[in-house]
Number of protein chains: 2
Amino acid sequence: MRNRDELEAKSGNYFERHASDTAKEADIRDLFSFQLQRLAGLSTRIAALSIRPKYGVTPREWRVLAVLKYLGEVPLQELAKHSGLLKSQMSRTVSTMIERGYIAKTANPDDGRSILLTLSPEGLDLSRKILDDSFQRNEEMLSTLSHAEQQILVELLRRVTRTSSKYYHELRSSASQSDLRSMEEE
Amino acid sequence: MRNRDELEAKSGNYFERHASDTAKEADIRDLFSFQLQRLAGLSTRIAALSIRPKYGVTPREWRVLAVLKYLGEVPLQELAKHSGLLKSQMSRTVSTMIERGYIAKTANPDDGRSILLTLSPEGLDLSRKILDDSFQRNEEMLSTLSHAEQQILVELLRRVTRTSSKYYHELRSSASQSDLRSMEEE
DNA sequence: ATTTATTTGTTCACATTGTCAACTAAATTT
DNA sequence: AAATTTAGTTGACAATGTGAACAAATAAAT
């Protein structure tokens with residue numbers, strides 16, 4: 001591993017760094033969220049490469065189809081939650097999917113505001129095909145791990161996602177309450 | 001050929017999705033890349049929430065600063081590779097970071113085409129602060145895991161990233177040999 | 001029962017991110 | 001010396017993310 005410390009002097013050490021080289025500098029390569037971002041970016045690029053030319057849908061669109069596949073028949077808001085999108089994003093995505101005939105929309109008899117969304121037969125077919133492709137891609141990506149390791153990875157990610165989601169909502173609610181205080185704080 | 005009936009697919013009952021004795025429908029929730037995307041999205045949102053208001057930089061900008069922190073002094077292309085960005089993205093990002101005084105640019109004595117980039121003292125200071133914050137955020141996100149589990153997770157991700165990167169380049173070169181993007185992701 | 005507040009979905013406006021191609025200037029290769 | 005490759009910049013545009021305004025419908029409060 002390369003270390004920055006040798007370059008410390010070059011880039012302007014105004015802080016008269018304390019003599020000890022033992023104090024370890026924080027390194028973004030050790031940061032979980034950094035690894036996560038890079039791998040997710042890779043994953044998206046791989047998916048786009050194999051899906052867009054073949055099926056003519058964006059990663060977001062097929063993700064929505066696949067989520068709707070397991071949800072069955074739900075209002076738009078519900079679909080958005082499970083997909084990790086804002087309702088505004090979902091509204092647009094859904095309307096192009098309706099135009100292309102992959103999603104069907106019916107009125108909700110219990111609530112005049114909401115709509116019920118389902119996959120059309122074509123949408124179900126497409127989502128199956130793409131999902132199969134995706135599982136194949138994932139196998140390639142995970143091929144370096146044993147089956148047991150793959151399961152561990154998936155389980156750890158699941159737990160981290162749960163915890164992070166809670167953390168996120170905490171941050172959000174505490175941020176919206178103290179809007180005026182975020183000016184200084186050093 | 002799996003031929004699960006439509007009724008089940010649309011039932012929306014995800015507590016019974018494993019109960020079926022027949023061929024199982026593919027489910028995006030079991031897809032590694034889906035989990036990855038959701039968690040990465042969460043992570044970005046959390047980061048943006050705590051960093052943007054406080055330091056006035058976007059997630060991408062601080063990531064670049066932090067990468068440059070460990071690289072020391074490198075040409076733009078090199079910085080792009082390690083950050084997972086295209087050189088066009090990097091060129092723009094760097095030029096705003098130079099405007100704001102976080103990055104310094106000098107000519108490369110060995111190559112008139114390339115430039116050498118380093119963190120300015122302000123950039124170094126900022127990257128340290130944000131990196132500290134980031135490690136704290138990550139601790140929250142990972143708080144559900146034991147220390148040992150965290151290490152396992154990081155190690156598994158590292159291996160998957162390596163394999164995926166190789167896979168990506170295979171796909172790319174087999175798709176079109178002419179347009180080789182030099183983004184080694186490693 | 002009427003007013004008020006909340007919720008659902010659509011749309012607008014905009015910021016960030018990602019992709020590709022054209023272009024220059026400087027190496028490198030032939 | 002000419003052709004090719006490489007480093008970086010810039011333009012154009014697609015995809016994604018965020019927040020707010022808005023109408024219609026429902027729920028809550030008085």
Side-chain angles (χ1 to χ4, degrees), chain A residues 37-38 40-49 51-53 56-64 74-81 83-96 98-99 103 105-117 168 172 175-176 179, chain B residues 37-38 40-49 51-53 56-64 74-81 83-96 98-99 103 105-117 168 172 175-176 178-183 185:
Chain A
Q37 290 303 328
R38 299 213 47 202
L42 253 181
S43 168
T44 298
R45 258 170 263 142
I46 291 174
L49 214 56
I51 287 179
R52 201 168 320 191
V57 293
T58 67
R60 186 156 97 180
E61 287 166 348
W62 76 258
R63 225 173 284 152
V64 168
V74 287
L76 186 141
Q77 191 86 266
E78 187 77 5
L79 182 55
K81 269 188 197 127
S83 307
L85 297 179
L86 298 174
K87 62 177 181 175
S88 56
Q89 298 177 291
M90 189 52 79
S91 178
R92 285 182 227 271
T93 304
V94 160
S95 75
T96 78
I98 288 176
E99 275 175 26
I103 289 183
K105 147 180 168 179
T106 58
N108 186 347
D110 299 332
D111 189 332
R113 296 166 298 181
S114 95
I115 57 181
L116 292 180
L117 304 169
Y168 173 64
R172 257 192 97 76
S176 58
D179 265 347
Chain B
Q37 290 303 327
R38 294 216 54 188
L42 253 181
S43 168
T44 298
R45 257 171 262 142
I46 290 173
L49 216 55
I51 285 178
R52 202 170 315 192
V57 293
T58 66
R60 187 157 96 179
E61 287 166 348
W62 77 257
R63 225 174 284 152
V64 168
V74 288
L76 185 141
Q77 192 86 266
E78 186 77 5
L79 182 55
K81 268 182 205 162
S83 305
L85 297 179
L86 299 173
K87 62 178 184 177
S88 57
Q89 296 176 292
M90 188 52 78
S91 177
R92 287 181 231 269
T93 305
V94 160
S95 76
T96 79
I98 288 177
E99 273 175 28
I103 288 183
K105 148 180 169 177
T106 58
N108 186 346
D110 299 332
D111 190 332
R113 295 166 300 179
S114 97
I115 56 181
L116 293 180
L117 303 169
Y168 173 66
R172 254 195 101 74
S176 71
S178 61
D179 179 272
L180 245 229
R181 177 170 33 169
S182 48
M183 200 193 284
E185 299 280 355

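Letters A, B, ... are given to chains in the order of the sequence lines, protein chains preceding strands, and every chain is numbered from 1. Keep in mind the model is a prediction, meaning the values are calculated, not measured.
Contacts of B:N108 with the nucleic acid, taken as non-hydrogen atoms under 4.0 Å apart, are absent. Within the nucleic acid shown, A:R52 comes within 4.0 Å of sugar-phosphate atoms alone, with no base atom in reach, counting heavy atoms only. Across all strands shown, A:T58 has heavy atoms under 4.0 Å from sugar-phosphate atoms exclusively, and none from any base. When heavy atoms are screened at a 4.0 angstrom cut-off, A:Q89 is found touching base atoms of the nucleic acid. When heavy atoms are screened at a 4.0 angstrom cut-off, A:S88 is found touching base atoms of the nucleic acid.
A straight line from CD1 of B:I98 to C1' of D:dG8 spans 12 Å, rounded to a whole angstrom. Distance B:I115 CD1 to C:dA26 C1': 14 Å, rounded to the nearest Å. In this structure, A:D111 places its CG atom 16 Å from P of D:dA24, rounding to the nearest Å. Across the protein-nucleic acid pair, A:Q77 atom CD and C:dT8 atom C1' stand 7 Å apart, rounded to whole Å. Computed from coordinates, the A:W62 CH2 to D:dA15 P distance equals 16 Å when rounded to whole Å. As rounded to whole Å, 16 Å separates atom P of D:dA15 from atom CG of B:L86. In this entry the distance linking CZ of B:R45 with C1' of C:dT17 reads 15 Å, nearest Å.
Considering only side-chain N and O atoms, B:K105 lies under 4.0 angstrom from the phosphate OP1 or OP2 of D:dT9. Applying the 4.0 Å criterion to OP1 and OP2 of D:dT9, one finds that B:S91 has a side-chain N or O inside that range.
Residues A:S83 and A:M90 approach most closely at OG-CE, 3.6 Å, considering heavy atoms. The two residues B:A107 and B:L116 have their closest heavy-atom pair at O-CD1, 4.3 Å. Counting all heavy atoms, side chain and backbone alike, A:A48 lies closest to A:P53 at O-CD, 3.4 Å.
The backbone N or O of B:K87 lies less than 3.5 Å from no partner atom in the side chain of B:S91, so there is not a single donor-acceptor pair. Distance alone, capped at 3.5 Å, places no donor-acceptor pair between the A:E78 side chain and the A:P75 backbone. Under a 3.5 Å cut-off, the side chain of A:E61 and the backbone N or O of A:T93 do not form any donor-acceptor pair.
With the nearest nucleotide of DNA chain C identified for both B:G112 and A:R92, A:R92 has the one nearer the 5' end. With DNA chain D read from its 5' end, the first of the two nearest nucleotides for A:D110 and B:L116 is the one closest to B:L116. Place A:R113 and A:G84 on DNA chain D by their nearest nucleotides, and A:G84 ends up nearer the 5' end. Residue whose closest nucleotide on DNA chain C sits further toward the 5' end, between A:M90 and B:R60: A:M90.
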Distances under 3.5 Å only, N/O to N/O: pair up the protein atoms with those of nucleotides 3-5 of chain C.
none

